[in-house]
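A, B, ... follow the sequence lines: proteins, then strands. Residue 1 opens every chain. Remember, predicted model here, so these are calculated numbers, not experimental data.
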Amino acid sequence: MKYHFNDIEAKWRKYWEENQTFKAENESDKPKYYVLDMFPYPSGAGLHVGHPLGYIASDIYSRYKRHKGFNVLHPMGYDSFGLPAEQYAIQTGQHPAITTETNINRYREQLDRIGFSFDWSREVRTSNPDYYKWTQWIFTELFHSWYNKDTDKAEPIESLITRFTNEGNTTVNAVCDENIVPFTAEMWNAYDEEQQQKTLLQYRLTYLAETEVNWCPALGTVLANDEIVNGVSERGGHPVVRKKMKQWSMRITAYAQRLLDGLNQIDWPQPLKDSQTNWIGRSVGAAVSFKVLPLAPSQGGGTAGYLTGKHSKISMLLDKAQEMRKSPTKAEETLWQEIRNKKLGDKFRRQQPIDTFIVDFVCLEKMLIIEIDGEIHKNQKDVDESRQLLLEVKKGYKVIRFSNDEVLNKIENVLEKIKTELNNRPSFKDKSSSPLLGRGAGGEDSEGSEMKIDVFTTRPDTIFGVSFMTLAPEHELVEKITTPEQKEAVKAYIEQTAKRSERERMADVKTISGVFTGAYAEHPFSNEPIPIWIGDYVLASYGTGAVMAVPCGDERDYAFAKHYNIPIPNIFESTSTPPLEGLGEDFAFTEKEGFKIVNSDFLNGLGYKEANEKAIEELEKIGQGTGKINYRLRDAVFSRQRYWGEPFPVYYVNGIPKTIDHEHLPIQLPEVEKYLPTEDGQPPLGRADVWAWDAAQNTVVSNELIDNNTVFPLELNTMPGWAGSSWYLFRYMDAQNDDEFASQEALDYWQNVDLYIGGSEHATGHLLYSRFWTKFLYDLGFLKVDEPFKKLINQGMILGESAFVYRLNSSQFVNPILFSRNFLEKVISEKKSFAEYQEYKKIENSLFQENKNPRGVLITGTDSQTSWNNFTPLHSNVSFVNISNELDIEAFKKWLPEYKDAHFITEDDGTFKVGREVEKMSKSKYNVVNPDDICDQYGADTLRMYEMFLGPLEQAKPWNMAGITGVHSFLKKFWKLYCDDNGLVITDSPASKDSLKTLHKTIKKVEEDIENFSFNTSVSTFMIAVNELTAQKCSSREVLEPLAVLISPYAPHIAEELWSKLGHNESISTAPFPQFDACHLVESTKEYPISFNGKMRFTLEMPLDLSKEDIEKTVMAHEKTKQYLEGRTPKKVIVVPGKIVNIVG
RNA sequence: GCUCAAGUGGCGGAAUUGGUAGACGCGCUGGAUUCAAAAUCCAGUUCUUUCGGGAGUGUGGGUUCGAUUCCCACCUUGAGUACCA
């Protein structure tokens, strides 16, 4: 009886289907186990051998768990919404549902051939209305929820409305939009419906927001960052601009911390966890707010202007002022300590530029200047007088003077005098009372509210190193603070950066660019003015879109300061030994240790940690900052301008979104005549004629009926690809349920996925979003678990081995000339001309005859032609290439007619060899291997085992057919243990000791391997077992029956066949896994390796119960030992009983 | 740049806690069977060698009686990520 794998496999596939062998029950006494594969997108290309790798691994594990007595849920379905079907629809006009159906059928056929133990009764397709009904439902649940930071979970929106009605929003601690306007209960209750809804939208877990997107007008769609190359669309090369669009967003940021914390509880590969951690990007620091300094009257107030110094000279003045602040005279310092921090009731600044001067101290509010005259002033009385005149007469300041002596010796008198002056002078804070100094202590915007710039910093300890601020060009304050002088430059800069995509901006790190706005902010502690720049190295989308630039401690700030000649004050002093030279001055010092803070007032002398804490403490004291945790994670945009996706269950009443009630779902995709965006840039659903919501009848009706009274327009966007895949694991638990997304009983029983296998490319997409939705459904009480996937394994990609032929780059020949790989390599490495080779000569004549260029053939000449650059590698279809890399030339010519007259320059033996290179397996590279072909030739069991045998599951590896014969002949050998030409050869006689040892060794190893997901090694183990049992001529049922169960997860068809031949009427799939018994492995002796200085030289068999001393004696007495010692006396003899003997000396 | 992973024969890869490096398979070589081929079976196959042996797991160092395994530095390759303040 031969091993007819094709018949056997067909027979058992049929049996499994007819008997529903792998149907999982939602009620069972057995413990549950849920094994899930990342479901595929059914593409038109079908499956290649890379796809089933993970499915085979999960199938082995599922079958193993069934043998181990588990109730196993192992489902499969399709992520069937997606771009390729839509793209195809646009090209051909064919409805994407039709192509999707065709592709799914093909996938199913291919999957079936491999013998998976899927429970197909639970199949899901994300594009089925039965399924997306619940995707829409989850969306509406998100819409009707908000995130309460106090309880740290999502809650129904009703609880928020109650809070608003009773206490307004000031006591509510929610994750919500920025720029929330505070209101009281009275105000809320007085709001009209529209105002209330608008406010609620700022709190909902899914909300409409203006989001900046990459808009391509020519394609009429939004492009993802990776669809843009050099600022133009990858497809078609059309220009792309950044544009704000109103889109749905998901407030995933509410879950940032929980998504981070949850990683500690799940068994996922570390690199995957790392990439989620990085993606969420938690950073701890402080929020600091900087006041924008007031505008000078001379600048005309209004929207722009600067303070007190003359604009044209300001940078020079500021430099100088800063220098002077650093080295105050003794008198200056004494007075400063007495008047700073509003000690006299009014705020003073020191070394402040006023017009073209720098005055010692000034109270801007009272327009009072204090000058201290040192020795030098005696010599320049005239200058001082004219300066005083100018300040007093032209600018309206009052100047009072003291001498050094007065300040140092009679400070009380001095202070008294200043106080008197302050009391005598009116406050110029009020706009109307001073025509000269239009603004108060802080800059104000046109509505009169104080302007401030909020920044986030991870280094509050470096606050005294700030020498400028940078805003993102898109920052909303830019327009308000820019001075008239700078307006042109700023405008030009913003236009220039708007043209670049965000990715481009991020990729181009080297170019430093920015513009000064003309405005200044005030340092919260020193009160020094800080110039405000804009620069595109600051991203609008991260943090607040503004940074406090500390050039001495940040590389980008340093580069920017250097480039624009902005001062780089240093606040670091090295504490390392030897001290680091030039830190903070010659380069930005970014380390967090090895320094103490200097030039930083109250932070002086502190290290990183203490300074950080102290700075936050002081910021909180003056109300200009607080400790803060910032996340890189952004809210996820949830709208797509596509057709082939889930429609939103949303209609608009006066522009306010309303969701459609659960009982009216699903809202099905409407028909459209074309799948393109509309001419006026609306998404494809804008083409639908029947796409309006009748709120009275609760049905979708024709657009003509829209009256905005009972019939309203529906949302035109669709949901993104990740919507359906974020929760599908729960649908499998109860796939047919029409009343709930899954019943409570099913959810409680199956809980979550015990083992999830799939590719690592979903790290920050699908795997993050499904964790988010799971946590959300958990918060609302639908789930008892808050993580979807307990254990996850990334299977490595199977790569293709592309085949290449090499075409000579030459326009001299009528017909192309293709070279065989080895011949070409030889020629190139030997640097000879072609003419010296027989192969070439053979066809040279014919080449000449066809050559239309009478001047001859260039390649017969010099070496310079024989370089790889002269040849273009062309992909050949790998199916024309045999195992020895020989090309079937005729097949190739037939496949590519443009090469039907090509010359093929072969090897000496007449064969034509292709070059090989490992690339991703893809249709466009003609390196796809179809699993069906392997099944035809070797059978599914061989394919399954071979895919596992290829190497560790997690590792990427090229597909290479070379080893498959070995696996196939193993199965034949395995078969022969049970059957010969006359049928079954199994006997009931007891097995030999050796055979039992082989069996139990195998049980142990295979069990360990499966538990460790080391499937490649268990295939080897089976091979060893079969080799040994064959050698032992074992035919005992006692051994071979358990062996069939052992192998059945890997090669289920052959196992079923042998199992039934052994007389069983039931499927092998639930036969108990063989029990390992250690007694069969007990040995009495051991081949001890005897090593000298750690090198094994010979082995010696000794009884295992021999004592350490006896072992040493026996070894030392051995003649080979003497031979290796060459007369030396060993220094030491290490004996590890049962392991090794090592002789040192 | 940053983060992570990985470097072992001609090839895919094995070596479980630090204890005989190269299991198992492919390929290759020789042989048996055969008219021949396929299939099957047997033997050999890390390199080197003066046939005693010597060297050897990316490179250099360290710990240890003993290192593919642990530590340090470096090199190479691959993956992810990127002005994240």
Checklist entry - What string of B, S and - do you get for nucleotides 10-19 of chain B 5' to 3' if you count protein non-hydrogen atoms under 4.0 Å? => result --BSS-B--B
Next on the checklist: For a quick check, with a 4.0 angstrom heavy-atom cut-off, what is the B/S/- contact string for nucleotides 48-62 of chain B, read 5' to 3'?
Outcome noted: ------S-B------
With respect to the side chain of [X], which nucleotide from [options] is positioned closest?
X: Lys973(A); options: rC84(B), rC41(B), rA85(B); value: rC41(B)
X: Met1023(A); options: rU20(B), rA85(B), rC24(B); value: rC24(B)
X: Lys1086(A); options: rU20(B), rC84(B), rC4(B); value: rU20(B)
X: Met1096(A); options: rC84(B), rA21(B), rC4(B); value: rA21(B)

Going by purine N1 to pyrimidine N3 plus the second Watson-Crick contact, or the G-U wobble pair, all under 3.5 Å, which nucleotide sits opposite [N]?
N: rG1(B); answer: rU81(B)
N: rC65(B); answer: rG19(B)
N: rA55(B); answer: rU46(B)
N: rA38(B); answer: none
N: rA14(B); answer: none

To the nearest Å, how far apart are [X] [atom1] and [N] [atom2]?
X: Lys628(A); N: rC84(B); atom1: NZ; atom2: P; answer: 17 Å
X: Leu971(A); N: rU40(B); atom1: CG; atom2: P; answer: 13 Å
X: Tyr631(A); N: rC84(B); atom1: OH; atom2: P; answer: 19 Å
X: Asn278(A); N: rC2(B); atom1: CG; atom2: C1'; answer: 9 Å
X: Asp980(A); N: rA39(B); atom1: CG; atom2: P; answer: 22 Å
X: Phe1022(A); N: rC24(B); atom1: CZ; atom2: C1'; answer: 13 Å
X: Lys273(A); N: rA5(B); atom1: NZ; atom2: P; answer: 13 Å
X: Glu761(A); N: rU81(B); atom1: CD; atom2: C1'; answer: 16 Å

Sticking with atom [atom1], work out how far [N] lies from [M], rounded to a whole angstrom.
N: rG13(B); M: rG19(B); atom1: C1'; answer: 22 Å
N: rA85(B); M: rC74(B); atom1: P; answer: 25 Å
N: rA55(B); M: rA21(B); atom1: P; answer: 13 Å
N: rA14(B); M: rU81(B); atom1: P; answer: 27 Å
N: rG18(B); M: rG31(B); atom1: C1'; answer: 43 Å
N: rC11(B); M: rC2(B); atom1: C1'; answer: 35 Å
N: rG61(B); M: rG22(B); atom1: P; answer: 25 Å
N: rU77(B); M: rC72(B); atom1: P; answer: 23 Å

Next on the checklist: Measuring to OP1 and OP2 of rA85(B), would you say a side-chain N or O of Ser283(A) lies under 4.0 angstrom away?
Outcome noted: yes
Checklist entry - Is the closest side-chain heavy-atom distance between Leu950(A) and Trp959(A) below 4.5 Å? => result yes
Item to check | Side chains of Ile453(A) and Leu477(A) in contact at under 4.5 Å (non-hydrogen atoms) | outcome: yes
Item to check | Backbone N/O of Asp536(A) and side chain of Tyr493(A): donor-acceptor pair under 3.5 Å | outcome: yes
Checklist entry - RNA chain B: Thr457(A) or Ile1143(A), which has the more 5' nearest nucleotide? => result Ile1143(A)
Item to check | Contact nearer the 5' end of RNA chain B, comparing Arg282(A) with Trp279(A) | outcome: Trp279(A)
Does the ring center of [X] lie less than 6.0 Å from the ring center of [Y]?
X: Phe1022(A); Y: Phe974(A); value: no
X: His1118(A); Y: Phe1098(A); value: yes
X: Phe5(A); Y: Tyr938(A); value: no
X: Phe589(A); Y: Phe595(A); value: yes
X: Phe949(A); Y: Phe1015(A); value: no
X: Tyr631(A); Y: Trp279(A); value: no

Pairs under 3.5 angstrom only: tabulate donor-acceptor contacts from the side chains of residues 757-766 of chain A to other protein residues two or more places apart or in another chain.
from      : atom 1 : to        : atom 2 : distance (Å)
His766(A) : ND1    : Ser725(A) : O      : 3.4
His766(A) : NE2    : Tyr756(A) : OH     : 2.8

Checklist entry - Pick one for rG52(B): is it syn, with its angle within 90° of 0, or anti? => result syn
Item to check | For rG30(B), glycosidic torsion class - syn if within 90° of 0, otherwise anti | outcome: anti
Checklist entry - Looking at rA85(B), does its base get a donor-acceptor pair with the side chain of Arg556(A) below 3.5 Å? => result yes
Next on the checklist: Looking only at the side chains, is there a donor atom on one of Tyr608(A) and Glu591(A) sitting less than 3.5 Å from an acceptor on the other?
Outcome noted: no
Checklist entry - Yes or no on salt bridge (charged side-chain N to carboxylate O under 4.0 Å, His left out) for Asp1009(A) and Lys1005(A), after CA distance, side-chain angles and deciding distance? => result CA-CA 6 Å; Asp1009(A) 282 347; Lys1005(A) 176 82 172 134; 3.3 Å; yes
Checklist entry - Looking across every strand, which nucleic acid part, if any, lies under 4.0 Å from Thr1099(A) by heavy atom: base, sugar-phosphate, or nothing? => result base
Next on the checklist: Does Asn1027(A) reach a base, just sugar-phosphate, or nothing at all? Heavy atoms under 4.0 Å.
Outcome noted: sugar-phosphate
